[in-house]
Asks: 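Next up is a structure, given as structure tokens.
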Number of protein chains: 2
Amino acid sequence: MPAAKTLPGTEGDADTAAPAFSPLYQQIKGLLMRSLTLGEWKAGEALPAETELAQRFKVSQGTVRKALDALTADGLLVRRQGKGTFVATHSEAQVQYRFLRLMPDHGPREAMQRRFLDFRRLRAPADIARALALKAGDGVLQLRRLLLAGDTPVVLDDIWLNARLFKGLTAGRLQAYRGPMYGLFEAEFGVQMIRAEEKIRAVAAGEAEAALLGAAAGSPLLLVERRSFTYADRPVELRRGLYRTEAHYYRNELS
Amino acid sequence: MPAAKTLPGTEGDADTAAPAFSPLYQQIKGLLMRSLTLGEWKAGEALPAETELAQRFKVSQGTVRKALDALTADGLLVRRQGKGTFVATHSEAQVQYRFLRLMPDHGPREAMQRRFLDFRRLRAPADIARALALKAGDGVLQLRRLLLAGDTPVVLDDIWLNARLFKGLTAGRLQAYRGPMYGLFEAEFGVQMIRAEEKIRAVAAGEAEAALLGAAAGSPLLLVERRSFTYADRPVELRRGLYRTEAHYYRNELS
DNA sequence: AAGTGGTCTAGACCACCTG
DNA sequence: AGGTGGTCTAGACCACTTA
């Protein structure tokens, strides 16, 4: 009966050339996404039960379920039978460190130690600004840190953050926080990293980087440039990591 | 009514500690997978319609659908509204070169030229044998090739294949084939690459490799070691690729 | 017009978790 | 016992493709 059913508040999506047809569950998905964006449910919190959402949106439970399943497949939600549906989080995630692909050659993934080297606020250079969709000169936070496996440095990260979203972030706060950095961003600033793009290259270590990593100048390093996005595909973090890969590798799965 | 319904021929999966409970659509998925493994439907071919499969397995169409959707999510099938459900293929894929993550810094992905440098049959060294789940000394095919963007070499691949699965493969056959190598494997040998694991490192170019790639000895290269699997998670190919990343990068998405 | 996959519904029941 | 998500069914209808 609800053939061409359309939810109120979803018709004005005249983005680019009418999509011709949008199934109900897609519209529900959009509404749920909007609620997530607006912070109605925060990282780690539970959503209302399926039946409740079905009432709220005036559709059948099956349709809500399909929307929730889609968001789960996108990595935005986590479903736990018997308990509920939860907003995905980088803390206490089933797999800690969702975005870290570095693996040791031997043995299981070890927890690496962090050491913060630098933290400052500055005006974004052109390339950083472009990557973060800012205007050149907008404020960014820049930080540099080392990840160590045992006593040997493995990763040197330079990180740039949109300063407007992380007001009040300090070196001390970073130092003190236990758990993934993205967990802190969720908990303290309400900024959730949803997805990221990485560009990977091989480069020769410069003098300064080599010294910090305890490697020879000119030795080959993996350069991993990551751009991370929150809701609505808004870029909020740029990261340039230099990885030593003598005893570790970057893992990837293709399918 | 079919509460504890179990399909015939699926109960004997006493792999490791009974999984306690297996939903019907999982069992259907398993049966479909077996048919794929046995070659009942080959790469690019259409499966029977949902209604037909439902009859065949004596379950509802919705259950078959769920199994098909799962296999689609795994990348084994491709569904096309109005046309049918097809076995995924590396040829004529919606995205050509499913497994190639190399992108040029500027402009769209260009088709790269292939140049075969070497082709031989040999007994597997210990490390190759282990990676391909063979006994040391079993036959493997080894081949070396270059990928070029325009006139400049970008990738040097060393590839090892389980020789038993590729009887009759020759250098000439490789040279002549248009389209992705994995397409040839499907069409000529019935071997489908389903998924792959990659380990990525940065290394310094050796003399020989540097010469072939037109790079300086000692310059940093991306080392991409790939193990590809067919059905039943059987490893059939090992590949060591050296990538020049001055004008290209390895792309990855995290979520 | 006929066939395919895609959507939506409604209801029954199962498995898992928590009090 | 009562909540949650997960499975399975049956049927109606829609959208896309081909002939």
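Throughout, a chain's letter reflects where its sequence line sits, starting with A, and its residues are numbered from 1.
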Asks: Expressed as a whole number of angstroms, how long is the span from B:Lys29:NZ to D:dC8:C1'?
Replies: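 Taking NZ of B:Lys29 and C1' of D:dC8, I get 18 Å after rounding.
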
Asks: Are A:Arg234 and A:Leu165 close enough, and set up right, to give a side-chain contact (heavy atoms from CB on, under 4.5 Å), and what steps lead you there?
Replies: CA-CA 12 Å; A:Arg234 181 180 181 194; A:Leu165 298 180; 3.9 Å; yes

Asks: For DNA chain C, what residues of residues 47-55 of chain B have any heavy atom nearer than 4.0 Å?
Replies: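 Only B:Ala49, B:Glu50 qualify.
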
Asks: Between B:Arg65 (CZ) and D:dA10 (P), how many Å, whole number?
Replies: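 The distance from CZ of B:Arg65 to P of D:dA10 comes to 16 Å, rounded to the nearest Å.
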
Asks: Which whole-number value in Å describes the distance from B:Gln61 CD to C:dT9 P?
Replies: 18 Å

Asks: Determine whether B:Tyr249 and B:Asp105 satisfy the following criterion, side-chain contact (heavy atoms from CB on, under 4.5 Å), listing intermediate values before the conclusion.
Replies: CA-CA 7 Å; B:Tyr249 62 91; B:Asp105 278 344; 3.2 Å; yes

Asks: Is it the case that the side chain of A:Arg98 and the backbone of B:Ser255 share a donor-acceptor pair, with hydrogens and angles ignored and the cut-off at 3.5 Å?
Replies: yes

Asks: Please write out each protein N/O paired with an N/O of nucleotides 17-19 of chain C under 3.5 Å, distance rounded to 0.1 Å.
Replies:
from   : atom 1 : to      : atom 2 : distance (Å)
C:dT18 : OP1    : A:Lys83 : NZ     : 3.3

Asks: One pair to check against side-chain contact (heavy atoms from CB on, under 4.5 Å): A:Val78 and A:Thr72. What are the steps and the verdict?
Replies: CA-CA 6 Å; A:Val78 173; A:Thr72 302; 5.9 Å; no

Asks: Can you list the residues that meet the side-chain hydrogen bond (donor to acceptor under 3.5 Å, both in side chains) rule with A:Lys66, with sequence neighbours excluded?
Replies: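 By the side-chain hydrogen bond (donor to acceptor under 3.5 Å, both in side chains) rule, A:Lys66 matches no residue at all.
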
Asks: Evaluate ring pair (Phe, Tyr, Trp, His ring centres under 6.0 Å) for B:His90 paired with B:Tyr97, printing each intermediate quantity in order.
Replies: CA-CA 7 Å; B:His90 288 267; B:Tyr97 297 103; 9.4 Å; no

Asks: Whole-Å distance between C:dG5 C1' and B:Leu68 CG?
Replies: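 Going from B:Leu68 (CG) to C:dG5 (C1'), I get 10 Å.
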
Asks: Measuring to OP1 and OP2 of D:dG5, would you say a side-chain N or O of A:Thr85 lies under 4.0 angstrom away?
Replies: yes

Asks: Where do B:Arg195 and B:Asp233 land on the side-chain contact (heavy atoms from CB on, under 4.5 Å) test, with the steps shown first?
Replies: CA-CA 8 Å; B:Arg195 73 177 193 91; B:Asp233 251 349; 2.9 Å; yes

Asks: Applying ring-ring contact (aromatic ring centres under 6.0 Å, His included), can you list everything that pairs with A:Phe166, at least two apart in sequence or on another chain?
Replies: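 ring-ring contact (aromatic ring centres under 6.0 Å, His included) check on A:Phe166 returns A:Phe185, A:Phe189.
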
Asks: Report yes if a donor N or O on one partner sits less than 3.5 Å from an acceptor N or O on the other, where the partners are the side chain of B:Arg79 and the base of C:dG6; otherwise report no.
Replies: no

Asks: Just jot down the side-chain contact (heavy atoms from CB on, under 4.5 Å) partners of B:Arg65, sequence neighbours excluded, or say none.
Replies: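 If we apply the side-chain contact (heavy atoms from CB on, under 4.5 Å) test to B:Arg65, skipping adjacent residues, the hits are B:Glu50, B:Asp69, B:Arg79.
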
Asks: Rounded to 10°, tell me the angle between the two end axes of the helix from C:dA1-D:dT18 to C:dT18-D:dA1, each built from five pairs.
Replies: 10°

Asks: Parallel, tilted or perpendicular: which fits the ring planes of B:Tyr243 and B:Tyr250, with parallel below 30° and perpendicular above 60°?
Replies: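 Because their plane-to-plane angle lies in the 30° to 60° range, the rings of B:Tyr243 and B:Tyr250 count as tilted.
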
Asks: In this structure, how many angstroms lie between the P atom of D:dG6 and the CZ atom of A:Arg80, rounded?
Replies: 11 Å

Asks: Scan A:Arg115, A:Arg226, A:Arg145 and name whichever one has a salt bridge (charged side-chain N to carboxylate O under 4.0 Å, His left out) with A:Asp157.
Replies: A:Arg145

Asks: If you measure from the Lys or Arg side-chain nitrogens to the Asp or Glu carboxylate oxygens, is any gap between A:Lys42 and A:Glu188 under 4.0 Å?
Replies: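 Answer for the salt bridge query: no.
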
Asks: Roughly how many Å is it from CZ in B:Phe21 to P in D:dT7, rounded to a whole number?
Replies: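 After rounding, the reported distance stands at 7 Å.
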
Asks: Report yes if a side-chain nitrogen or oxygen of A:Thr63 is closer than 4.0 Å to either non-bridging phosphate oxygen (OP1 or OP2) of C:dT7; otherwise report no.
Replies: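 No.
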
Asks: Name the closest nucleotide to the B:Lys66 side chain, picking from C:dC8, D:dG5, D:dT7.
Replies: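 That would be D:dT7.
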
Asks: Once you round it to whole Å, what is the distance between P of C:dC16 and CZ of A:Phe86?
Replies: 17 Å

Asks: Atom OH of A:Tyr25 to atom C1' of D:dA15: distance rounded to whole Å?
Replies: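 Roughly 13 Å, once rounded to whole Å.
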
